[in-house]
Amino acid sequence: MRSSSVRLALIITFVYVLVFVIWIAGVYRLMTQTSPEASQSWRANVPLVMIFALSSGLLIYFLVYRELTARDRSQQALRESETRFRYLFENSPISLWEEDFSGVKNRLDKLRAEGVRDLEAYLQQNPDFVWRCASQLRVLDVNRATLELYRAKTKEQLLGNIVHILGDEGMQIIREELLAIWDGAGEFQSTGVNYRLDGRRIEFQLRWSVVPGYEDTMSRVVVSILDITEQRAAEALQRIAEEQYRLLVEQVSAVVYTDQLDEHGSNIYSSPYIEQLTGYTPEEWRSIPDLWKRVIHPQDRERVLAEHERTNRTGEPFQMEYRMIRRDGRVIWVRDVATLGWDPHFQGTVWRGVLLDVTETKQAEEALQRSEERLRALLEGQGEGTLLVNLSGQFVFANPAAEALFGVSPGTLLSCEMNDFTSTRELNQLVTEVLRCERGASITRELSIRTFRGEKRILLSTLTPWYEAQGQLSGMLMVCRDVTHLKKLEGELRYQSTHDALTGLYNRRYFEEQLEQTIQQRSLPVSLVICDVDGMKQTNDTYGHLAGDELLRQAARGLRHACRERDVIARVGGDEFAVLLPFTDRLAAERVVERLREVLSQMSILDGKVALSMSLGAASAEQVDMLASLFRRADEAMYADKARRLRPKERSARYNGKTIPSRRNGEIP
């Protein structure tokens, strides 16, 4: 880019010098033919004229080169900015769609104008209306993650199979969208079913929002789709592909001119390219004193003439971009660069300058600006928190959803760093994993942060290496979602699935899993204690079930107090408890039983009205062949203990002198 600027500046300077030499030669020839005195005077001033020509040429070269270089840097910065936002949209691992809902909205508006007030009732009576509205949805663009999600090779293949992707089940979510649009919603979120092009059925979460400024027509809607087939609450991110570069080809045209230092900027000379640029011939530019003022665009005329007047007065270089109206009425953009210098022929100061045609460049800049604004609107309009973080932890980009996740005011996150919300150790770990990540791949991690208000949040974050336009790894792209509530709910559900609600001990299912695991792994030695609360029915009948529940809770507290931290204590029945003692032989198990008897004998409820009494039975397995009968032996020992403790009269009435049977037919529960 810099070499082309140097070449163009040299060409312009050469043209200027060539024209100047031709003009000097013409003047010289004219004077030599006029009079010998004029010829002699002219020869004396030739060195000064040549020095002036060369110095003016060097000055023009310097000014043109400086302006072209400044423009190159400006265009490069704009291209990098547009590339960054295009990168964020095109390579986001979330499936993003840009759609046009205006056809659907117009159809619904027409339906409302026809007198329909209850759309849901209308859809029940006219189910085909959903299909007709679905045909009005226009997909403007999709990103690479969308093609990956639906197993499409090209965007054309995807859009040509929309009916196959939606299927009959997909019409339900279309129906929900119609109801949301009917109610005037600007955002929508739901779940549904689609089909990939390979026929696989997928469940997805859909979220869309109208791009700000398009609420009335709904012609710009950002849609994000998350595959939740295997993990409904997790992100489904796709690979990041290599960024694309948008190359601009510049065609710069130039006119070399000389103007008088007057109010109108009357032209003395213009190179032949002036006719191609403006449609007016060089002769017309010289013969019409105010032509320059007339061709300046009316909206730019005041500021251009004001700058022209100022530089005429101060002698500073004239440098401006403005619009001109060609003879055919077409508007063009020009870059006008001129400097004041002494002209020996006119014996006065003149403007020597260059007009550069920058129309295509300006159009490209405007297109880049529109593209950047469009991509920014797409990213800021989506509901997922999207950030760019450099390798030192500084936030480079953050959309409003990300600012909400981190609990900061709009526009303030870019002044913060990741270390403000998480530990240096966790940040370094994330950076290390991203550095190890292959180009185009991504990783998903749970990131714990703490907001400035002290609120702890867990973000499910998908991290993708972020490469700048030069291909250098600069940081990571983060797409985040708040899963704090889900993690809390998961913990509660996990606790409820393994614990007894009344006592807080482990439940029967968890206990049986631990016992089965011990038997399968043959972890020896192991012991088991079976506990049964005595007089439970009598307590319920006499004092009520609330008292019975309190008796069970008191028993649980006693078991916790008497047992070790590694022991597995569970409520396995209504009034029955079991304690699994890992790596415990028979003698150690007997000590545990004695400790249990001592602790439980001191416990009661209802201010001592009901004493806590439990029958205990223990069994141990110190060899593999003793594991299978472990539960049966402990159960029988507990019933033997209960039989010994019953009053002789009660024992005779209940068992009639027979051996106490086991309650289980099998040996393993």
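Just so we're clear, the structure is a prediction, and the values are computed from it rather than from any experiment.
- Between Glu148 and Arg144 there is no salt bridge, since no side-chain nitrogen of the basic residue lies less than 4.0 Å from a carboxylate oxygen of the acidic one.
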Inset, instruction - Begin with the C-alpha distance, continue with both residues' side-chain angles, and end with the deciding distance and a verdict on side chain to side chain contact (heavy atoms under 4.5 Å, CB included) for Leu528 and Phe511. - result: CA-CA 11 Å; Leu528 179 66; Phe511 178 80; 3.4 Å; yes
Legend entry - side chain to side chain contact (heavy atoms under 4.5 Å, CB included) between Leu616 and Met614, intermediate numbers included: CA-CA 6 Å; Leu616 307 175; Met614 296 184 72; 4.3 Å; yes
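- Not a single donor-acceptor pair under 3.5 Å links the side chain of Arg196 to the backbone N or O of Arg151.
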Inset, instruction - Give the C-alpha distance, both sets of side-chain angles, the deciding distance and a yes or no for salt bridge (charged side-chain N to carboxylate O under 4.0 Å, His left out) between Asp549 and Arg553. - result: CA-CA 6 Å; Asp549 291 345; Arg553 285 192 288 267; 5.1 Å; no
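- A 4.5 Å side-chain heavy-atom check between Leu459 and Val483 finds every atom pair outside the cut-off.
- We find the CE-CG distance between Met536 and Leu551 to be 5.5 Å, quoted to the nearest 0.5 Å.
- Among residues at least two apart or in separate chains, side-chain hydrogen bond (donor to acceptor under 3.5 Å, both in side chains) pairs with a member in residues 447-456 are Glu455-Arg457.
- Between Val529 and Leu596, some side-chain heavy-atom pair lies under the 4.5 Å cut-off.
- If you take CG on Leu580 and OG on Ser527, they are separated by 9.0 Å, rounding to the nearest 0.5 Å.
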Inset, instruction - Could you go through the salt bridge (charged side-chain N to carboxylate O under 4.0 Å, His left out) check for Glu550 and Arg557 one step at a time? - result: CA-CA 11 Å; Glu550 179 59 27; Arg557 284 192 288 270; 2.9 Å; yes
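- In this structure, the side chains of Met418 and Leu447 come closer than 4.5 Å at one or more pairs of heavy atoms.
- Residues Glu187 and Val210 are not in side-chain contact: their nearest non-hydrogen atoms beyond the backbone lie 4.5 Å or more apart.
- Heavy-atom contacts from other residues, nucleotides or ligands closer than 6.0 Å to CD of Gln538 number 12 or fewer.
- For the pair Asp567 (side chain) and Cys563 (backbone), a donor-acceptor distance under 3.5 Å is absent.
- Listed for the Ser415 side chain is a donor-acceptor partner under 3.5 Å among the backbone atoms of Thr412.
- Taking the side chain as every heavy atom from C-beta outward, Phe397 and Val389 never approach each other to under 4.5 Å.
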Legend entry - Check against side chain to side chain contact (heavy atoms under 4.5 Å, CB included), Glu176 and Ile181: CA-CA 9 Å; Glu176 295 176 11; Ile181 297 173; over 6 Å; no
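- Here the side chain of Ser601 pairs a donor or acceptor atom with the backbone of Arg597 at under 3.5 angstrom.
- A distance of 12.0 Å separates CD1 of Ile174 from CG of Leu123, quoted to the nearest 0.5 Å.
- Among all heavy-atom pairs drawn from Arg566 and Thr584, the shortest one is NH2-OG1, 4.0 Å.
- Among all heavy-atom pairs drawn from His499 and Asn507, the shortest one is N-ND2, 3.6 Å.
- For the atom pair CG (Leu391) and CG (Asn428), the distance works out to 11.0 Å, reported to the nearest 0.5 Å.
- Of the possible polar contacts, none joining the Gln124 side chain to the Leu119 backbone as a donor-acceptor pair under 3.5 Å is found.
- Distance alone, capped at 3.5 Å, is enough to place a donor-acceptor pair between the Thr146 side chain and the Leu96 backbone.
- Scanning both residues, Ile530 and Ala578, for their nearest heavy atoms gives CD1-CB, 3.8 Å.
- Taken to the nearest 0.5 Å, the CZ atom of Phe583 stands 8.0 Å off from the OG1 atom of Thr518.
- At least one side-chain heavy atom of Leu206 sits under 4.5 Å from a side-chain heavy atom of Ile173.
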Legend entry - Worked verdict on Asp635 versus Arg632 for salt bridge (charged side-chain N to carboxylate O under 4.0 Å, His left out): CA-CA 5 Å; Asp635 200 44; Arg632 176 180 57 78; over 6 Å; no
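- Closest heavy-atom contact between Leu559 and Ile569: O-CD1, 3.6 Å.
- Not one N or O on the side chain of Thr422 forms a donor-acceptor pair closer than 3.5 Å with the backbone of Asn419.
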Legend entry - Worked check of side chain to side chain contact (heavy atoms under 4.5 Å, CB included) between Leu581 and Arg564: CA-CA 9 Å; Leu581 308 172; Arg564 300 165 300 185; 3.6 Å; yes
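- Side-chain contact between Trp208 and Val222 is absent, with no heavy-atom pair separated by less than 4.5 Å.
- Atoms NE2 and CE, from His561 and Met603 in turn, are 8.5 Å apart once rounded to the nearest 0.5 Å.
- Using a distance-only test at 3.5 Å, with no hydrogens or angles considered, a donor-acceptor pair links the side chain of Arg571 to the main chain of Gly574.
- A distance-only check finds no donor-acceptor pair linking the side chain of Asp183 to the backbone of Ala185 [under 3.5 Å].
- Side-chain contact check for Gln429 versus Glu433: some heavy-atom pair is nearer than 4.5 Å.
- Looking only at atom types and distance, the side chain of Trp182 has no donor-acceptor partner in the side chain of Glu120 under 3.5 Å away.
- A donor-acceptor pair shorter than 3.5 Å can be found between the side chains of Glu516 and Gln520.
- Smallest separation of non-hydrogen atoms from Asp585 and Glu622: CB-OE2, 3.3 Å.
- In this structure, Ala556 and Leu505 approach most closely via the heavy-atom pair CB-CD1, 3.6 Å.
- Counting only distance, with no hydrogens or angles, the side chain of Ser224 and the backbone of Arg207 share a donor-acceptor pair below 3.5 Å.
- Residues meeting the side-chain contact (heavy atoms from CB on, under 4.5 Å) test with Cys416, sequence neighbours left out: Phe395, Leu413, Asp420, Phe421, Phe452.
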